[in-house]
Amino acid sequence: MLKRISAMVLAGLTAMSLAACGSGGSGGSGGSGGSGGADPITMGFAQVGAESGWRTANTKSVQDAAKSAGVTLKFSDAQQKQENQIKAIRSYIQQRVDVIAFSPVVESGWDTVLKEAKDANIPVILTDRAVDSPDASLYKTFLGSDFVEEGRKAGQWLVEEYKDATETVNIVELQGTTGSAPANDRKAGFQEIIQADPKFKIVASQTGDFTRAKGKEVMEAFLKAHPDIDLLYAHNDDMGLGAIEAIEGAGKVPGQDIKIITVDAVRDGMQALADGKINFIVECSPLLGPQLMDLAKKVVAGQQVPARVVTEETTFTQDQAKQVLSTRQY
């Protein structure tokens, strides 16, 4: 691995090749990756865990993209615990990796360890989830979805679906991991859209930790406490799929007796949508690996990158799911 100072020399010597990766100047630190015989970049990646089909696909995307890009990847699984991620990041700092990337378990509590990485002159890239630090200099960029917009899209479908309804629409919400960016933002975006119409009433909202098992467990409790549920809004497909099991176990028909909106569009979720058990899915692509490797090479080389890189995503109805299901990569 090259020492930090070497990148400043390489940036000048390889300006032509770096220009092909994107715009920006020099002045960064760390080794240089890519072709031309330079030493490979070493990335430390601290993953949230393996809590869902989405996360599994995200991990594979990062691992496959690192291999294709010639990036040496040091990978850790935090098992959805912030302390494990912080420990992994500190280990990467001690190992003097060229760049650190991670998907924060929760939004808060990162300033200290990110300051340690900054002091060690190791750039940090946030993937999938953001942090709430007021000091944006602690990381180079955030690559991921607009979770608030995902919530808005879910709310917009609900408003259109029930535009002619005159009675109260009782909604239950399965939130993601408490304190996580997607849970906070998907809730906020959804609430922003539906709050204008008093007929939409969230009668229960509880975390399902983004897992199928917890989604089933919480939905079972919802059904016992609220026999008149009209719609479920689940912050990811896996919780929605668990809820489907609970709904069927209660003798109700998912997608008909209780309409369902989820977020992600992983294969199992899309199959349930095609089968009519889910009514609408907002896409959140896990295939961030190629973009991440591109950004990593740029920040290590000292190039300027956007502070926010938003992934392009869409939404799916039942008919649309049937059309694309056979070609889904995850």
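Predicted model, so just to flag it, every value in this text is computed and none were measured.
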Distance-only polar pair, side chains of E107 and N184, donor-acceptor under 3.5 Å: yes
E116 vs V113 side-chain heavy atoms within contact, under 4.5 Å: yes
Other residues, nucleotides, ligands: >12 heavy atoms within 6.0 Å of K199 NZ: yes
Flag side-chain contact, heavy atom, 4.5 Å: D294 against Q291: no
Scan the side chains in residues 213-220 for donor-acceptor partners under 3.5 Å anywhere in the protein, sequence neighbours excluded, and list what turns up.
| from | atom 1 | to | atom 2 | distance (Å) |
| --- | --- | --- | --- | --- |
| K214 | NZ | E217 | OE2 | 3.4 |

Any side-chain donor near an acceptor of the partner, S91 and Q94, under 3.5 Å: no
Student check: side-chain heavy atoms of F222 and Q206 closer than 4.5 Å: yes
Test item: D230 side-chain N/O and N170 main-chain N/O as donor-acceptor pair under 3.5 Å: yes
With R212, the salt bridge (Lys or Arg N to Asp or Glu O under 4.0 Å) member among D237, D268, D264: D268
T42 and K74 side chains, donor-acceptor separation under 3.5 Å: no
Side chain proximity check, I125 to V305, heavy atoms < 4.5 angstrom: no
Test: R186 and E149 ion pair at under 4.0 Å: no
Evaluation steps, side-chain contact (heavy atoms from CB on, under 4.5 Å), between K298 and T141: CA-CA 11 Å; K298 289 176 179 177; T141 185; over 6 Å; no
Contact summary for S52 and D238, nearest pair of heavy atoms: CB-OD1, 3.4 Å
F316 side, atom CZ; Q323 side, atom CD - distance, nearest 0.5 Å: 10.0 Å
Salt-bridge contact K153-E150 (side-chain N to carboxylate O under 4.0 Å): no
No-hydrogen, no-angle side-chain donor-acceptor test under 3.5 Å, S205 and Q175: yes
Expected output: side-chain N58 to main-chain L287 donor-acceptor under 3.5 Å: no
Exam field: side chain R267 to backbone R328, donor-acceptor pair closer than 3.5 Å: yes
Spacing of L232 atom CG and I278 atom CD1 [to the nearest 0.5 Å]: 9.0 Å
I122 CD1 to I89 CD1 distance, which is reported to the nearest 0.5 Å: 11.0 Å
Donor-acceptor contact below 3.5 Å, side chain T59 vs main chain R55: yes
Parallel, tilted or perpendicular, as decided by the 30° and 60° cut-offs, for the rings of Y233 and H235: tilted
Hydrophobic cluster membership, L231 vs I193, 4.5 Å side-chain cutoff: yes
Derivation and outcome, ring pair (Phe, Tyr, Trp, His ring centres under 6.0 Å), residues F102 and W110: CA-CA 11 Å; F102 76 111; W110 300 101; 5.0 Å; yes
Heavy-atom pair of closest approach, residues F45 and S103: CZ-OG, 4.3 Å
Stepwise side-chain contact (heavy atoms from CB on, under 4.5 Å) check, V282 with E313: CA-CA 8 Å; V282 179; E313 292 152 343; over 6 Å; no
Main-chain N/O of I260 paired with N279 side-chain donor or acceptor, under 3.5 Å: yes
Sidechain-backbone polar pair: Q85 side chain, A46 backbone, donor-acceptor under 3.5 Å: yes
Derivation of the side-chain hydrogen bond (donor to acceptor under 3.5 Å, both in side chains) call for S76 and Q47: CA-CA 6 Å; S76 65; Q47 182 61 283; over 6 Å; no
side-chain contact (heavy atoms from CB on, under 4.5 Å) between Y139 and V131, intermediate numbers included: CA-CA 10 Å; Y139 56 92; V131 299; 3.8 Å; yes
Flag if over 12 foreign heavy atoms under 6.0 Å of CD, Q329: no
Euclidean distance, I258 CD1 relative to Q256 CD, rounded to 0.5 Å: 11.5 Å
D197 vs I194 side-chain heavy atoms within contact, under 4.5 Å: no
Quiz item: cation-pi between K259 and Y162, 6.0 Å / 45°: yes
K115 and D119 ion-paired at < 4.0 Å: yes
Salt bridge (Lys or Arg N to Asp or Glu O under 4.0 Å) assessment of E173 paired with K187: CA-CA 9 Å; E173 180 181 32; K187 182 177 182 64; 2.7 Å; yes
L295 reachable from F75 in the ILVMFWY side-chain graph, under 4.5 Å edges: yes
Residues S285 and T311: side-chain donor-acceptor under 3.5 angstrom: no
Close side-chain approach of V99 and I41, heavy atoms under 4.5 Å: yes
Donor-acceptor contact present, side-chain D146 to main-chain V148, <3.5 Å: yes
Nearest heavy atoms of P254 and E248, plus distance in Å: CD-CG, 3.6 Å
T207 side-chain N/O to G176 backbone N/O, donor-acceptor pair under 3.5 Å: yes
Lys NZ or Arg CZ of R90 over Y92 ring: under 6.0 Å, within 45°: no
Check: D77 side chain, Q79 main-chain N or O, donor-acceptor pair, under 3.5 Å: yes
T72 OG1 to K67 NZ distance, which is reported to the nearest 0.5 Å: 12.5 Å
Nearest-0.5 Å distance that lies between atom CD in Q80 and atom OG in S180: 9.0 Å
Check: M293 and M43 side chains under 4.5 Å, non-hydrogen atoms: yes
Within one Ile-Leu-Val-Met-Phe-Trp-Tyr cluster: W54 and F147, side-chain cutoff 4.5 Å: no
Residue of the set I171, L223, D257, I247 for which side-chain contact (heavy atoms from CB on, under 4.5 Å) holds with I229: L223
Hphob cluster co-occupancy, V299 + L288, side-chain heavy atoms under 4.5 angstrom: yes
Short side-chain donor-acceptor distance under 3.5 Å, T211 and D209: no
Non-hydrogen side-chain atoms of V324 and M270 separated by less than 4.5 Å: yes
Distance-only side-chain donor-acceptor flag, Q271 / D275, under 3.5 Å: yes
side-chain contact (heavy atoms from CB on, under 4.5 Å) between L325 and L273, intermediate numbers included: CA-CA 10 Å; L325 186 58; L273 178 59; over 6 Å; no
Any donor-acceptor pair under 3.5 Å from N236 side chain to M239 backbone: yes
Smallest separation among heavy atoms of A57 and P286, with atom names: CB-CG, 3.7 Å
Connected via hydrophobic side-chain network under 4.5 Å: F210 and I281: yes
